[in-house]
Amino acid sequence: MENLALIVAVGKNNEIGYKNKLLWHLPNDLKYFKQKTLNKTIIMGRKTYESLPNKLPNRKHIIITKDLNYVCDEKICHTIKSVLDYIKTTKEECFIIGGSSIYKEFIPYTKYLYITKIEDTKEADVFFPEVTEENYHIELLGENEDNNIKYKFYKYIKKD
Ligand SMILES: NC(=O)c1ccc[n+]([C@@H]2O[C@H](COP(=O)([O-])OP(=O)(O)OC[C@H]3O[C@@H](n4cnc5c(N)ncnc54)[C@H](OP(=O)(O)O)[C@@H]3O)[C@@H](O)[C@H]2O)c1
């Protein structure tokens with residue numbers, strides 16, 4: 001879907017999280033995340049939502065959970081299909097922001113993958129799924145570093 005993108009920061013082993021937390025604190029990558037997602041719709045699994053210290057300002061949140069009794073102030077969807085139906089019928093630009101299970105479910109439908117590749121490894125319990133690189137045009141958008149940890153910003157564009 002043309003209005004669907006995904007954004008993730010991965011370590012050398014595709015690791016993305018541990019004990020429901022991010023693995024690195026990279027202020028310049030967080031700025032990049034903000035710049036990409038500001039005024040967009042962000043879509044996330046219930047665990048990622050609960051891992052956020054607070055709601056991200058100026059972004060519409062959609063939370064995915066199977067729990068029919070889940071209560072929060074954001075829009076809630078209980079199935080992947082209902083999220084896809086929403087994306088199909090809206091003009092909003094939507095960003096999948098994790099976590100692991102949600103990335104996996106949505107990669108087949110996502111046109112643009114913004115992947116920050118961090119040149120470091122950490123112990124992790126959640127990972128970004130393997131993507132088939134031949135299915136994408138891959139652009140290097142830039143690079144940056146925080147606290148001597150280097151990383152590169154890639155944009156994967158799914159081939160038609
Ligand atoms: N490095 C990064 O860029 C990045 C980005 C985001 C997150 N993270 C990290 O990733 C970790 C969280 O990821 P996670 O994979 O454990 O959890 P998650 O994907 O954020 O959330 C999982 C939850 O989403 C709901 N869900 C998943 N599939 C569903 C489906 N088909 N239908 C309905 N609901 C569904 C379920 O909620 P219920 O259990 O309520 O039913 C499930 O427990 C944290 O460590 C976080 O810091 C890293």
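Whatever order the structure lists them in is the order used to number ligands and atoms, beginning at 1. Values below: every heavy atom of this structure, side chains too, minus hydrogens, waters and symmetry copies.
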Taking atom CG of Asp67 as the centre, report whether more than 12 heavy atoms of other residues, nucleotides or ligands fall under 6.0 Å from it.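 Check passes, neighbour count above 12.
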With Asp85, which residues qualify under side chain to side chain donor-acceptor pair (under 3.5 Å), at least two apart?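 Result, side chain to side chain donor-acceptor pair (under 3.5 Å) vs Asp85: Lys81.
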Give me each pair satisfying ring pair (Phe, Tyr, Trp, His ring centres under 6.0 Å) with a member in residues 129-160, each pair once, sequence neighbours excluded.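 Ring pair (Phe, Tyr, Trp, His ring centres under 6.0 Å) check on residues 129-160 returns Tyr32-Phe153, Tyr136-Tyr156, Tyr151-Phe153.
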Could you check whether Lys55 pairs with Glu74 (Lys NZ or Arg NE/NH1/NH2 to Asp/Glu carboxylate O, under 4.0 Å)?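 Between Glu74 and Lys55 there is a salt bridge, with a charged N closer than 4.0 Å to a carboxylate O.
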Check ring-ring contact (aromatic ring centres under 6.0 Å, His included) between Tyr49 and all other residues, then give those that pass, not counting sequence neighbours.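 Tyr49 satisfies ring-ring contact (aromatic ring centres under 6.0 Å, His included) with no other residue.
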Which protein residues have a heavy atom under 4.0 Å from ligand 1?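 Lining ligand 1: Val8, Ala9, Ile16, Gly17, Tyr18, Asn20, Lys21, Leu22, Gly45, Arg46, Lys47, Thr48, Ile64, Thr65, Lys66, Asp67, His78, Ile80, Ile97, Gly98, Gly99, Ser100, Ser101, Ile102, Tyr103, Glu105, Val126.
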Charged N to carboxylate O under 4.0 angstrom, Lys111 versus Asp160?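 So Lys111 pairs with Asp160 through a salt bridge.
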